[in-house]
Amino acid sequence: MAAAPPRLKRILQTLVVSTLALVAMSLAGAAQPSGPPPARIVSLIPATTEMLFAMGAGNRLVGAGNYDRFPPEVDKLPRVGGLLDPDTERILALRPDLVILYATQSDLRARLDRASVPYYSYEHRAMPDIMQTIRAIGARIGAAESAERVAAGMEQSLADIRRAVAGRPRLKTMLIFGREPGTLRGVLASGGYGFLSDLLDVAGSENAFADIKQQSVQASTEMLLARRPDAIVELRYGDDRRAVNIDQELSVWKTLPSIPAVRNHRLYLLVGDEFVVPGPRIVNAARRLAEALHPGALASLPRP
Amino acid sequence: MKPVRARIVAVLAGFGTLLAVVALAAPLIGSTPISIARVFDRTIPFADNVDAQIFFIARFPRVLAAAVVGGTLAVAGVVFQALFRNPLATPDTLGVSAGAALGAMVAITFHLDVSVGGYSSIPLASLAGAFGALGIVYALATARRRGLSTTVLLLAGVTMTAFFSALIMFTQYLADFTDTLRMVRWLMGMLDIGGYTPIVAVVPLLVAAGAVCATLPRALDLLSLGADAAAARGVDVFRTERAALFGASLATGAAVSISGPVGFIGIIVPHMVRLMIGSDHRLVLPGSALFGASFLIVCDLIARTLFSPIEVPVGVVTAILGGPFFLWLLLRRA
């Protein structure tokens with residue numbers, strides 16, 4: 001075979017060099033930077049945005065995700081897209097020195113790599129991971145001390161709630177975070193894994209779907225009947241928070257009278273975004289859930 | 001060959017027996033063991049009788065929904081395939097399903113919360129969407145007084161489906177995150193309807209559609225020879241086509257409002273039945289209704305028990321089971 005003509009060789013060389021350069025750049029992007037702590041942070045995820053505010057780093061945020069709603073200060077920040085549609089152009093225009101994104105946003109990650117913008121990749125998992133994430137982000141942005149204070153405070157509060165409901169009967173509870181309005185179709189409940197399931201545990205109850213190790217379970221009518229939960233807690237959040245008529249919302253359950261929760265009127269409707277944002281407010285969520293399931297048990301605890 | 005009347009009786013008896021067996025057996029089987037003696041034990045009040053509630057509230061409406069939806073979509077498939085003289089036509093071909101889906105997506109995204117006598121917002125909205133699409137189809141069908149070209153109609157249907165799909169995507173884009181999850185689940189089809197209201201609400205539509213379709217078999221047979229040949233044998237082609245369009249579309253809209261779009265039934269069941277009993281529409285139409293009902297009941301039974309306690313979407317089972325079965329029938333014929 002004849003040797004490659006010089007022009008082809010040059011092109012090949014250029015390709016190899018540029019590939020190597022790209023690899024080197026992406027390694028640099030993923031590496032932990034050792035410079036000054038990030039001062040221009042973009043956070044795309046509601047949970048991490050709340051964490052940053054809680055550790056006193058809210059003033060370093062220059063952009064927030066479309067679904068970030070708390071604390072109110074977040075409304076002053078420019079919005080840079082959501083989980084599925086992050087606006088790379090707007091993110092880069094904000095000249096961030098740290099972007100906090102979700103683990104599945106691989107396209108965005110690749111683009112940030114190319115632009116040499118450092119990022120922190122985050123994922124919703126179980127309850128202890130929330131505190132672990134707070135500590136990790138704190139260490140990353142040079143706010144380890146205040147992050148530790150927030151995380152330790154949360155652990156303390158969660159332990160207090162756990163202790164306050166200890167010894168009380170642990171009701172078999174179904175935590176439902178979605179269904180078709182006005183009917184029991186398409187019921188989405190917490191499975192036996194994730195922070196919602198941990199929330200049930202902290203609040204002194206057994207998850208009725210503990211054996212299904214998924215974050216969410218689509219529960220059929222038969223499953224609702226066969227699991228016989230002692231208590232049913234429905235969550236409303238986001239746009240569904242407006243004007244909820246509790247009696248009307250819960251009346252559909254009367255069609256399944258053999259469920260102990262229905263018979264004993266242990267149906268609860270809790271409204272608020274803190275139940276679905278695994279950030280610092282998860283403590284409030286645990287407190288409200290415990291107060292619903294064990295009325296009066298938390299009276300001795302200091303109010304937040 | 002036996003006279004048609006005898007063959008119709010044979011088909012009705014055969015597929016009818018299959019449906020009866022399947023429909024009686026399916027509610028007895030499920031992810032939870034129940035005692036039949038307890039189900040029918042009148043001494044236990046219904047409110048305390050878990051077995052009876054599982055049987056009558058969870059399983060029976062579900063089996064009924066599967067029967068109604070399966071039978072209806074299969075009949076609609078037969079009619080559309082004959083009407084368009086195209087083996088690939090399905091109940092979705094004219095965009096009625098897509099219209100129904102758009103209605104449901106809008107209800108989910110914008111959190112519509114209206115109910116009419118226990119008939120809740122999402123099925124209501126999907127029925128409205130189906131009617132909207134049906135209106136357009138009907139307008140198209142009657143726009144040309146001298147009869148309509150099925151090719152034009154087929155193109156119009158494909159265009160409508162694409163148009164509605166674009167609107168569905170736009171609606172999904174506007175939706176909140178958990179709503180998107182609910183949308184995806186709805187689009188997979190869901191027979192767990194938790195009561196009889198969604199079925200009862202569309203019974204008048206189904207009866208009307210069934211009555212229209214019942215007048216069609218002879219004309220469909222002749223139409224499958226071509227419009228001119230049918231006209232020469234005294235078929236009022238325009239009226240027949242219009243009735244077929246309207247009846248099958250109405251049936252599709254009603255079925256989709258019950259369960260969401262359960263895929264594959266409308267295309268595969270008519271072909272299966274034709275492979276089993278030939279292509280005479282006097283046999284195929286009732287045969288498909290009965291076999292479609294049985295087939296969807298069995299698919300749903302598998303969907304709710306195979307990976308118990310988790311359920312798989314029934315549309316997944318219809319395709320996984322129906323595909324190979326259909327290929328086997330084809331190969332056996334070849």
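Reckoned from all heavy atoms, side chains included, excluding hydrogens, waters and symmetry mates.
Atom CD of A:Q248 sits in a sparse spot, with 12 or fewer heavy atoms from other residues, nucleotides or ligands closer than 6.0 Å. Within a 6.0 Å radius of CZ in B:F170, no more than 12 heavy atoms belonging to other residues, nucleotides or ligands are found.
Taking the side chain to side chain contact (heavy atoms under 4.5 Å, CB included) definition, one finds that B:D192 meets it with A:S220, A:T221, B:R62, sequence neighbours left out. The side chain to side chain contact (heavy atoms under 4.5 Å, CB included) test applied to B:R38 returns B:S35, B:I44, B:N49, B:D51, not counting sequence neighbours.
In this structure, the portion of B:I122 lying under 4.5 Å from any heavy atom of chain A is its side chain and not its backbone. A:F209 does not touch chain B: none of its heavy atoms, backbone or side chain, sits under 4.5 Å away. In this structure, the portion of A:D85 lying under 4.5 Å from any heavy atom of chain B is its side chain and not its backbone. The contact between A:R179 and chain B is made entirely by backbone atoms, counting heavy-atom distances below 4.5 Å. For B:P123, the part sitting under 4.5 Å from any heavy atom of chain A is the side chain, from C-beta outward, and nothing else. When heavy atoms are compared at a cutoff of 4.5 Å, A:L256 approaches chain B by way of both its backbone and its side chain.
With contacts defined as side-chain heavy-atom distances shorter than 4.5 Å, the pair B:S121/A:T183 does not qualify. Side-chain contact between A:I259 and B:Q53: absent, with no pair of heavy atoms (C-beta onward) separated by less than 4.5 Å. In this structure, the side chains of B:S120 and A:R185 stay at 4.5 Å or more apart for every pair of heavy atoms.
In this structure, CE in A:M223 is found 9.0 Å from OG1 in B:T32, a value given to the nearest 0.5 Å. Atom CG in A:L184 sits 12.5 Å away from atom CD1 in B:I193 (nearest 0.5 Å). One finds the CZ atom of B:R59 at 4.0 Å from the CD atom of A:E222 (value rounded to the nearest 0.5 Å).
If you tally non-hydrogen atom pairs under 4.5 Å between each of A:L224, A:V217, A:L83 and chain B, the highest count goes to A:L83.
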Would you be so kind as to tabulate the donor-acceptor pairs closer than 3.5 Å made by side chains of residues 169-178 of chain A, with sequence neighbours excluded?
unit_1 : atom_1 : unit_2 : atom_2 : d
A:R170 : NE     : A:E206 : OE2    : 2.8
A:R170 : NH2    : A:D201 : OD1    : 2.6
A:R170 : NH2    : A:S205 : O      : 3.3
A:K172 : NZ     : A:R227 : O      : 2.7
A:T173 : OG1    : A:L171 : O      : 3.1

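When all heavy atoms of B:L181 and A:L188 are compared, the pair lying nearest together is CD2-CD1, 3.7 Å.
At a heavy-atom cut-off of under 4.5 Å, chain A is reached by no residue from residues 162-169 of chain B.
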